[in-house]
Amino acid sequence: MGRALVSPSRDVTSPPGSALHPHPRIRSFPSFPPPTQIPSGLRISATTTTTAASSPPSPPRWPISMAEETANDTQVAQDNEMAPSNEAIQGDELVHGEELVQGDDEFVQGEELAHGDDLVQGNELVVAEATTPPTTGTRRRRKKSLVWEHFTIENVAGGATRACCKLCKQTFAYSSGSKIAGTSHLKRHITLGSCPKIKNQDRLALPSTGGTDNDGEGTVERPTKRRYRYTGYANAAFDQDRSCSYLAKLIIQHDYPLHIVQQPAFATFIESLQPRFKIVDVEMMEAEVYAVYQKERENLLQAFNTMPGRISLTIGLWTTSQTLGYVSLAGQFIDSEWKVHRRMLNFMMVSSPHSENALSEAISLCLSDWNMKDKLFTITLDNECSSHDIYSANLRDYLSNKNNLMLKGQLFVVRCYAHILNAVAQDVIASIHGVIYNIRESIKFIKASSAREEKFAEIALQLEIPSTKTLCLDVTTQWNTTYLMLLAALDYKQAFTTLETCDDNYNEAPSAEDWKKVDAACTYLKLLYDSAHSIMAAANPTANIFFHEAWKLQLELANGTGHEDPTFSSIAKDMHERFDKYWKDCSLVLAIAVVMDPRFKMKLVEFSYSKIYGAEAAKYVKVVNDAVHELYKEYVAQPLPLTPAYVEHGETNNGPANANNSQGAAPTGDGLLDFDMYLSEIQSSQPSKSELEQYLDESLTPRIQEFDILNWWKLNTVKFPTLSKMARDILAIPMSMVGSGSSIFSAGTGTRMLDDYRSSLRPEIVEALVCAKDWLQYAPPAATDAQNSALLKAEGFLTRRCCHPPSSSPPQDLGFTSSAFVLLGPSPNTAAAPPPRRADSAAGARLPPPHS
């Protein structure tokens, strides 16, 4: 409070208006008599006034306590109020003082009270307590402030003492013989980094600790004081290896270049956050990235070891500006909890990515690295290969010699549904590219100025065009935006024609024949657009949902080829020709997948094939039915894990897995042994149904919007142990290379290009960056990540309580309380333990040798 002086021989208060007068909203302290006039045994406290055991039972009311002196003051001193003096009373750190202890001719302050002519400085507001001296008379109390762990007391001339910093050896005033200074300036020297030895290091934090009255001789504990910390990271332990690992993850997840660590601005930013962090070079950053890759790869490998079913791969092709090729391999599977997962497995360089031999070797190497030689089910490719049939056949023959392919490889090669949609849409757009150019230029002309936009809006209003669509330019790499642009322009075709007659500067209006082409293109692009949105809307894009979209699209395009308008039929024929090839290649795997849907089974296949093939539908339905039964036999031949017997309505299942259990069942003791033998004879004489036949014969599951096919099979695994294993593998087939949550429209239609920066890196680093980025998005968050953020949040405001005790009761506590700050980091009272050194840190990680 300004220059509040504490002296045993002077009054603490000062005349009003003087420089020493307290803040006008805080009542002044009472005048204390010299120490020699204080009655023996009397204890002056901010909480209560008591006497020793030898004192009279009724203690005097003098001196008046601080609580009683300020009881009628209705104003409260808030944070950051400016005192009348030249120094502000800050509210950042609030500290209850220790106790004033009576000595011979002086008051000895425990921790926080600035004595004599010293100012109460910094961000600390101090309230002192006065107590009686200990029983040892003039013996000074043991120093308990944690600041003395960093300072020692040295004697100087004149009977004075100074506090010497153990780190920098700088000395500070402590005692002048009759006056003792506080420890606040000593704490600031340590905690605020004023010490040159720790100026560029973490600022030290001095946690507050509790204690006991009477220098530890009593049994009454003092409550731990609550303080505000200046910084959130003051208590957090710094670890160079952990910080480097987090930096590597930052670079991986956000595609930052590795040489960002060499940029001066980045180094300056890191130094401002943590001066102790040593910036590493690019080579060390590569090692850190590879260490993260190896660690996440081990975690994924352990997950694959417990994978219950098979895995299906998606194959992506990449090229570089140096004409090098990369192959990306991602695996999709369903775990034991019936959840779909897709993980990047490899991103490896190959000499010729479009060669089936090179691709086959890459797949074999991938399966060998992940210990999945016997778990491959299908592979999904893009559609850019001109000789897809020969390409797929060679790939199937090569891998079938080294892997046990199901159903003789008939389901082995799958073409990406998203890519075929994009390819067909691009063909439609290319067929009317001239008209699209005119429409795009027309929209540019209208959007060039607000006057033209207003004029076009007036024309549309005069023509009474009811459309509410907005004209917008498309993104040429995403065909859905082109479709929406054409759809909006089609509504305003009359306005474009009228604008051409009104404005001599505009001459790009499409003709009537052009608008007919746009109408036909939008009609069939809508089929592709709706199908893509249906796939993207699925929470779990399992294989069963693609049959619905594919057969409807096949039927609409086939019917469109017979359209009476040649403009419509021409576009439909081109689309059908391309999509029909996909249908012939993938209709079998699509149909088998929808059979595993209990809402449709074989019924939807029969219905859709009758629409598509007419009188020949039975032949194609038989192909699907035979393939399902043949595939089921292959799963029956495989050993099954031990599962509990399925019981429905108190009766055992009639499946072959439970027939032996029924025959060998122990008597139940209910006197019906003969009846059990009768049931066994009937069961043995009647042929039992397989799980597949039982599944197909059961009634269809009701079609509800919230139906979860994976959860249905999870609940029926015990009922259909073999069939559920088959369903797990089929439903996990990636019919589309576009993952959940991604846009089909931006998937592209062919080989993707690796940027120049990635192309310049070593293949091992490229693979580590691509794969680790995919894995880290599924990795569980570390328990200390939130703590290490070290954000200091205020949970309340600094408040002051003033109690108004009744006249007959002893003075109550006059204290300052505050709700504690929540520090997202280690506890203020405990030092943060550094994490164990990573075994795969940059010092220990070794990069594989570069390719020759």
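Since the structure is predicted, the reported quantities are computational estimates derived from the model, not experimental observations. We count residues from 1, following the sequence as given.
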Student check: side-chain heavy atoms of [X] and [Y] closer than 4.5 Å:
X: Glu767; Y: Pro763; result: no
X: Trp370; Y: Leu300; result: yes
X: Leu769; Y: Leu761; result: yes
X: Tyr417; Y: Ser531; result: yes
X: Met575; Y: Leu528; result: yes
X: Met372; Y: Phe304; result: yes
X: Val738; Y: Ile535; result: no
X: Leu359; Y: Val350; result: no

Give a yes or no on this: more than 12 heavy atoms of other residues, nucleotides or ligands lie within 6.0 Å of atom [atom1] of [X].
X: Glu271; atom1: CD; answer: no
X: Tyr778; atom1: OH; answer: yes
X: His433; atom1: NE2; answer: no
X: Lys339; atom1: NZ; answer: no

> Do you see a donor-acceptor pair shorter than 3.5 Å between the side chains of Thr481 and Asp474?
Replying inline: no
> Under 3.5 Å, is there a donor-acceptor pair between the Gln554 and Asp580 side chains?
Replying inline: yes
Taking all heavy atoms of [X] and all of [Y], pick out the closest pair and write down the distance.
X: Met344; Y: Cys771; answer: CG-SG, 3.7 Å
X: Leu329; Y: Ala362; answer: CD2-O, 4.3 Å
X: Met285; Y: Leu247; answer: SD-CD2, 3.9 Å
X: Ser272; Y: Phe269; answer: OG-O, 2.5 Å
X: Arg440; Y: Leu473; answer: O-CD2, 3.6 Å
X: Ser759; Y: Ser321; answer: OG-N, 4.2 Å

Is [X] salt-bridged to [Y], going by a charged N under 4.0 Å from an acidic O?
X: Glu286; Y: Arg762; value: yes
X: Glu441; Y: Lys444; value: yes
X: Asp530; Y: Lys526; value: yes

Ignoring hydrogens and angles, tell me if any N or O in the side chain of [X] forms a donor-acceptor pair with the backbone of [Y] under 3.5 Å.
X: Tyr293; Y: Ile765; answer: no
X: Ser442; Y: Asn438; answer: yes
X: Lys447; Y: Leu471; answer: yes
X: Asn305; Y: Leu301; answer: yes
X: Arg342; Y: Met737; answer: yes
X: Ser368; Y: Ser364; answer: no
X: Gln240; Y: Lys278; answer: yes

Quick check for you: to the nearest 0.5 Å, what is the distance between [X] atom [atom1] and [Y] atom [atom2]?
X: Lys773; Y: Ile251; atom1: NZ; atom2: CD1; value: 13.5 Å
X: Leu317; Y: Leu381; atom1: CG; atom2: CG; value: 8.0 Å
X: Leu590; Y: His548; atom1: CG; atom2: NE2; value: 10.5 Å
X: Ile592; Y: Leu411; atom1: CD1; atom2: CG; value: 4.5 Å
X: Asp255; Y: Leu250; atom1: CG; atom2: CG; value: 10.5 Å
X: Trp551; Y: Glu556; atom1: CH2; atom2: CD; value: 9.0 Å

Aromatic ring centroids of [X] and [Y] under 6.0 Å?
X: Phe266; Y: His259; answer: no
X: His533; Y: Tyr529; answer: yes
X: Phe377; Y: Phe333; answer: no

>> If you apply the rule side-chain contact (heavy atoms from CB on, under 4.5 Å), what do you find for Ile432 with Leu486, and how did you get there?
In response: CA-CA 11 Å; Ile432 59 169; Leu486 296 177; 4.2 Å; yes
> Between Phe347 and Trp318, what is the ring plane arrangement, given parallel below 30°, perpendicular above 60°, and tilted in between?
Replying inline: perpendicular
>> Which residue is it: Asp729, Thr380, Thr378? I am looking for the one with a side-chain hydrogen bond (donor to acceptor under 3.5 Å, both in side chains) to Ser312.
In response: Thr378
> Passes side-chain contact (heavy atoms from CB on, under 4.5 Å), Val766 versus Leu754? Steps please.
Replying inline: CA-CA 10 Å; Val766 176; Leu754 205 64; 4.2 Å; yes
> Does NZ or CZ of Arg343 come closer than 6.0 Å to the centre of the six-membered ring of Trp775, within 45° of the ring's axis?
Replying inline: no
>> Test side-chain contact (heavy atoms from CB on, under 4.5 Å) on Val280 and Glu288; report intermediate values, then the result.
In response: CA-CA 10 Å; Val280 298; Glu288 285 292 340; 5.8 Å; no
> Given Met406 and Leu631, is the side-chain contact (heavy atoms from CB on, under 4.5 Å) satisfied, shown in steps?
Replying inline: CA-CA 7 Å; Met406 305 297 293; Leu631 183 61; 3.9 Å; yes
